Amino acid sequence: SDLRQMLATKSVENIQFLPFLTTDVNNLSWLGYGCLKEDWTLIAVNTIGAALQSLYILAYLYYSPTKRPVLLQTLLLLAVLATGYGYFTLLVSDVQTRLARLGLFCSIFTITMYLSPLADLAKIVQTKSTRCLSFPLTVTTFLASASWTLYGLQLRDPFITVPNVPGVVTSVVRFWLFWQYPPGQDKPYRALLA
């Protein structure tokens, strides 16, 4: 929906950049984990995810009036990713240790991504408005995190299962917020008295 809005308005107004970037890094990290584990489901899903997120980043950059901060954030996270890649490939020689450390990194990163929308929780409760939340993103997050939780349980892989449980929980919290503060109830204008 954010990409559609960017293309329709030819603007990035009211669209945050950081979620695109962090999701791309998350996909690339899980792609590395999938390659190391030789798990073709992880490889396929995260290759597609990283490609799509990279396209979103390029579209955001194209429509952004201030390109410098976007480029700096992108370069910073690419540097972090390159440093992580160097660490996991050059300094950790044992494959099982590398898999465990990369799995832990991916898990922590995923958990922080799932918890980040709750940073606006106080603002939502105070304003009684869910305007800063995306309902389609909440549905997608719920479905994706539930699917990955079940997949991780099937594989008995805690690095896949554990970080996706907070995604399910935070999605349920956001659904409750949408129910408690329906998007139609917050109006940007005041009713005129007759």
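Note that the coordinates shown come from a computational prediction; the quantities given were computed from them, not determined experimentally.
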Student: Heavy-atom distance under 4.5 Å between the side chains of Tyr87 and Leu102, does that happen here?
Tutor: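 The answer is no, as the side chains (C-beta and beyond) never meet within the 4.5 Å cut-off.
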
Student: Side-chain heavy atoms nearer than 4.5 Å, only ILVMFWY residues, links allowed to pass through others: does that put Leu81 and Phe109 together?
Tutor: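 Result: yes, single cluster for both.
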
Student: Mind checking the CG-CH2 spacing from Leu153 to Trp148? Nearest 0.5 Å is all I need.
Tutor: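 Result: 13.0 Å between the selected atoms.
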
Student: With rounding to the nearest 0.5 Å, note down the distance linking OG1 in Thr23 to CD in Gln53.
Tutor: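 Here the rounded value is 4.5 Å.
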
Student: Given side chains that start at C-beta, do those of Leu90 and Tyr85 come closer than 4.5 Å, heavy atoms only?
Tutor: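 No, their side chains stay 4.5 Å or more apart.
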
Student: For the atom pair OG1 (Thr138) and CZ (Arg174), what is the distance rounded to the nearest 0.5 Å?
Tutor: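 Taking OG1 in Thr138 and CZ in Arg174, the distance rounds to 4.0 Å.
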
Student: Ring-plane angle category for Tyr56 and Phe20, please: parallel below 30°, perpendicular beyond 60°, tilted otherwise.
Tutor: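 Judged by the thresholds at 30° and 60°, the geometry between Tyr56 and Phe20 is tilted.
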
Student: So, taking the atom named CZ in Arg101 and the one named CG in Asp94, what distance separates them when rounded to the nearest 0.5 Å?
Tutor: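 With rounding to 0.5 Å, CZ (Arg101) is 9.0 Å from CG (Asp94).
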
Student: Would you say the side chains of Asn26 and Thr110 form a donor-acceptor pair under 3.5 Å?
Tutor: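 The answer is yes; a qualifying pair exists.
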
Student: Taking all heavy atoms of Ala100 and all of Phe159, pick out the closest pair and write down the distance.
Tutor: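 Of all heavy-atom pairs spanning Ala100 and Phe159, the closest is O-CZ, 3.4 Å.
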
Student: In the structure I gave you, are the side-chain heavy atoms of Thr149 and Val168 within less than 4.5 Å of one another anywhere?
Tutor: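 The answer is yes, as the side chains (C-beta and beyond) meet within the 4.5 Å cut-off.
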
Student: Do the side chains of Ile43 and Leu31 get nearer than 4.5 Å, heavy atoms only?
Tutor: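 Yes, side chains in contact.
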
Student: Can you confirm whether Tyr33 sits close enough to Asn46 that some side-chain heavy atom of one is under 4.5 Å from a side-chain heavy atom of the other?
Tutor: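 Not in contact.
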
Student: Working to the nearest 0.5 Å, report the span between OG1 of Thr170 and CE of Met113.
Tutor: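 One gets 10.5 Å once the value is rounded to the nearest 0.5 Å.
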
Student: On a heavy-atom basis, which atom in Leu177 and which in Thr130 lie closest, and how many Å separate them?
Tutor: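 Looks like O-CG2, 3.4 Å.
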
Student: Members other than Val165 in its cluster, when Ile, Leu, Val, Met, Phe, Trp, Tyr link by side-chain heavy atoms under 4.5 Å?
Tutor: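 Val165 shares its hydrophobic cluster with Val169.
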
Student: Taking all non-hydrogen atoms of both residues, which atom of Asp24 and which atom of Ile57 are closest, and how far apart?
Tutor: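 Heavy atoms only, the tightest pair is OD2-CD1, 3.6 Å.
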
Student: If Ile, Leu, Val, Met, Phe, Trp and Tyr residues are connected whenever their side-chain heavy atoms lie under 4.5 Å apart, and connections chain through other members, are Val92 and Leu104 in the same group?
Tutor: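 Cluster IDs for Val92 and Leu104 match.
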
Student: Determine the minimum heavy-atom distance between Pro163 and Pro158, stating which atoms define it.
Tutor: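 Here Pro163 and Pro158 meet closest at CD-O, 3.6 Å.
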
Student: Is the number of heavy atoms from other residues, nucleotides or ligands within 6.0 Å of CZ (Phe175) greater than 12?
Tutor: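 Yes, the 6.0 Å shell around CZ holds more than 12 heavy atoms from other groups.
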
Student: Please give me the minimum heavy-atom distance between Leu61 and Lys67, naming the atom from each residue.
Tutor: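 Between these two residues, the closest heavy atoms are O-NZ, 2.8 Å.
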
Student: Would you say that Val162 contacts Ser107 through its side chain, given a criterion of any heavy-atom pair below 4.5 Å between the two side chains?
Tutor: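 A side-chain contact is absent here, since even the closest heavy-atom pair is not under 4.5 Å.
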
Student: Should Ile108 and Leu77 be regarded as members of a common hydrophobic cluster, given that ILVMFWY residues are connected when their side-chain heavy atoms come within less than 4.5 Å of each other, either directly or indirectly?
Tutor: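 Yes; tracing contacts between hydrophobic side chains, which count when under 4.5 Å, links both residues.
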
Student: Mind checking whether Trp176 and Trp179 have parallel, tilted or perpendicular rings, split at 30° and 60°?
Tutor: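 Correct class here is tilted.
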
Student: When you look at Tyr114 and Asn164, which way does the side-chain hydrogen bond (donor to acceptor under 3.5 Å, both in side chains) test go after all the steps?
Tutor: CA-CA 8 Å; Tyr114 281 141; Asn164 285 290; 2.9 Å; yes

Student: Do you reckon Trp30 sits in the same ILVMFWY cluster as Leu78, going by side-chain contacts under 4.5 Å, direct or chained?
Tutor: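 Trp30 and Leu78: separate clusters.
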
Student: Among pairs that include at least one residue of residues 138-161, which meet salt bridge (Lys or Arg N to Asp or Glu O under 4.0 Å), considering only residues two or more places apart or in two chains?
Tutor: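 Counting only pairs at least two positions apart or across chains, the salt bridge (Lys or Arg N to Asp or Glu O under 4.0 Å) contacts touching residues 138-161 are Lys37-Asp157.
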
Student: Would you say that Tyr151 contacts Asp39 through its side chain, given a criterion of any heavy-atom pair below 4.5 Å between the two side chains?
Tutor: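 Tyr151 vs Asp39: side chains touch.
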
Student: Do Val95 and Leu91 land in one hydrophobic cluster if side-chain heavy atoms of ILVMFWY residues count as linked below 4.5 Å?
Tutor: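 Yes.
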
Student: Taking all non-hydrogen atoms of both residues, which atom of Leu115 and which atom of Pro166 are closest, and how far apart?
Tutor: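 Looking at all heavy atoms of both residues, the closest pair is CD2-CB, 4.4 Å.
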
Student: Return the CG to CG distance between Leu150 and Leu155, rounded to the nearest 0.5 Å.
Tutor: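 Leu150 atom CG to Leu155 atom CG measures 11.0 Å (nearest 0.5 Å).
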
Student: I want to check something: taking the side chain as every heavy atom from C-beta on, are Ile124 and Phe178 in contact at a cut-off of under 4.5 Å?
Tutor: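 They are not in side-chain contact.
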
